[in-house]
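Numbered from 1 within each chain, the chains take letters A, B, ... in sequence-line order.
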Number of protein chains: 2
Amino acid sequence: MKYSKATNYALHTLLFLVVAPEGATIGVQVLAQMQKISPTYLSKVLSKLVKANLIESTTGVNGGYKLLGPKEDVSFLKVIQAIEGTGSLFNCGLKHASPDCLIQQTMAESEMAMEQYLSQKKLVELLQNIDETGLAAIRNTFN
Amino acid sequence: MKYSKATNYALHTLLFLVVAPEGATIGVQVLAQMQKISPTYLSKVLSKLVKANLIESTTGVNGGYKLLGPKEDVSFLKVIQAIEGTGSLFNCGLKHASPDCLIQQTMAESEMAMEQYLSQKKLVELLQNIDETGLAAIRNTFN
DNA sequence: GTAGGGATACTCGGATAATGGGTGTCCGAGTTGACAAGG
DNA sequence: CCTTGTCAACTCGGACACCCATTATCCGAGTATCCCTAC
């Protein structure tokens, strides 16, 4: 029961894309170098974000990734679900007498409490209380 | 990012112990058979619950497991943390300029939203709206 | 009747697979832009 | 000037390997209860 590293990579990459100049496409090499990971692996992670319509990829020279849609719309939940999937965290595989499991039910409710928080929290909000020098730091080191 | 099966086993076992007559010790064989799993593996899972002071084990003939403390105190969170551990679900392993990660911070907040729900939710509450025949069903098939 | 000694029914803990998902690498394929040569 | 061809910089996708936690099994050790026997 841990988030995968891929989720971490995705969130940090997306935070960087939010901070980046609007409409600019950033190469995966740049993104990978900042997180000290392999570019090919990061591209695999980002392809999931493309499928989820969070970002857009352009091939060829000067290609790379950029946000798809307004940056204010990027919530934590969208990113996480794009990587981890939308399935329930808890699956009771037992054969019960009644069709549904009471335990499963409350576990689902607890997940909804978390998802509700994550869906309302946008990546942009992280930048509200940061001055210009702080933004520059994020652009270099992901804060 | 999924709960382990062990958590499922632990929750169902504990729900059964809550329903069981007060003070009775239940053998692991009975508990395992209902969930259709191996008794030796279930005992391994339950040993974690013993370490967490949720249940108590008595060896020897007629031995088994029983609740430790009042059944009204058994929250979902206690069981889950006994199995999954208390660590944070999200760990940003990146070297940042500033000591703490903004992303990590909000992820921790989202976890707290879920944990708050799980800590307030007790296993006993699942039985409130169930009649006596329903309780009997749980005693046989874990509902 | 009472004390002692098995036999039995249990849990506990370590050692040891088997399995599957996360993590990561490699490489070929396809795409785009820049540049140069040739008409 | 315009076209065309080549090259380099990219992403994409599949195939593969590795590592590690989960899941599970097996077995010996310890422990408590019951019963039976002997005195």
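Around atom CD of B/Q33, no more than 12 heavy atoms belonging to other residues, nucleotides or ligands sit under 6.0 Å away. For CD of A/Q120, the number of neighbouring non-hydrogen atoms (other residues, nucleotides, ligands) closer than 6.0 Å is greater than 12.
In this structure, the separation between NZ on B/K78 and CG on B/L14 is 10.5 Å, given to the nearest 0.5 Å. With values rounded to the nearest 0.5 angstrom, B/L127 atom CG is found 8.5 Å from B/K71 atom NZ.
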Between protein and nucleotides 29-36 of chain D, what N or O pairs are separated by less than 3.5 Å?
residue, atom, partner, partner atom, Å
D/dT31, O3', B/T59, OG1, 3.4

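The shortest heavy-atom contact between B/C92 and A/N8 is CA-ND2, 3.6 Å. Across all their heavy atoms, A/E56 and A/L67 have their closest contact at OE1-O, 4.5 Å. Scanning both residues, B/L118 and B/S75, for their nearest heavy atoms gives O-CB, 3.8 Å. Among all heavy-atom pairs drawn from A/L17 and A/I55, the shortest one is CD1-CG2, 3.9 Å. Considering all non-hydrogen atoms of both residues, B/V28 and B/P39 come closest at CG2-O, 3.7 Å. The minimum heavy-atom distance linking B/H12 with A/C101 is given by the pair NE2-SG, 3.4 Å.
For the pair B/L46 CG and C/dG13 C1', the computed distance is 14 Å after rounding to whole Å. Put simply, CD on B/E56 is 15 Å from C1' on C/dC10, counting in whole angstrom units. A/K2 has its NZ atom 19 Å from the C1' atom of C/dG20, to the nearest Å.
You'll find the side chain of A/F76 reaches within 4.5 Å of the side chain of A/L123, heavy atoms only.
Within the 3.5 Å criterion, the main-chain N or O of A/S4 finds a donor-acceptor partner in the side chain of A/E84.
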Check step by step if side-chain contact (heavy atoms from CB on, under 4.5 Å) holds for A/L89 and A/M1. CA-CA 9 Å; A/L89 299 183; A/M1 180 63 166; 3.8 Å; yes
Test log, rule side-chain contact (heavy atoms from CB on, under 4.5 Å), inputs A/Y65 and A/T13: CA-CA 10 Å; A/Y65 298 90; A/T13 303; over 6 Å; no
Once base and sugar-phosphate atoms are separated, protein heavy atoms under 4.0 Å mark nucleotides 17-24 of chain D, 5' to 3', with B, S and - as -----SSB
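The overall bend of the helix from C/dG1-D/dC39 to C/dG39-D/dC1, read as the angle between its terminal helix axes built from five base pairs each, is 0° when rounded to 10 degrees.
For residues 105-114 of chain B, the side-chain hydrogen bond (donor to acceptor under 3.5 Å, both in side chains) pairs, not counting sequence neighbours, are A/Y117-B/E109, B/S88-B/E111.
Shown for residues 64-71 of chain A: residues whose heavy atoms fall under 4.0 angstrom of DNA chain D, namely A/G64, A/Y65. Taking a 4.0 Å limit (strictly below) on heavy-atom distances, residues 19-29 of chain A does not reach DNA chain C anywhere.
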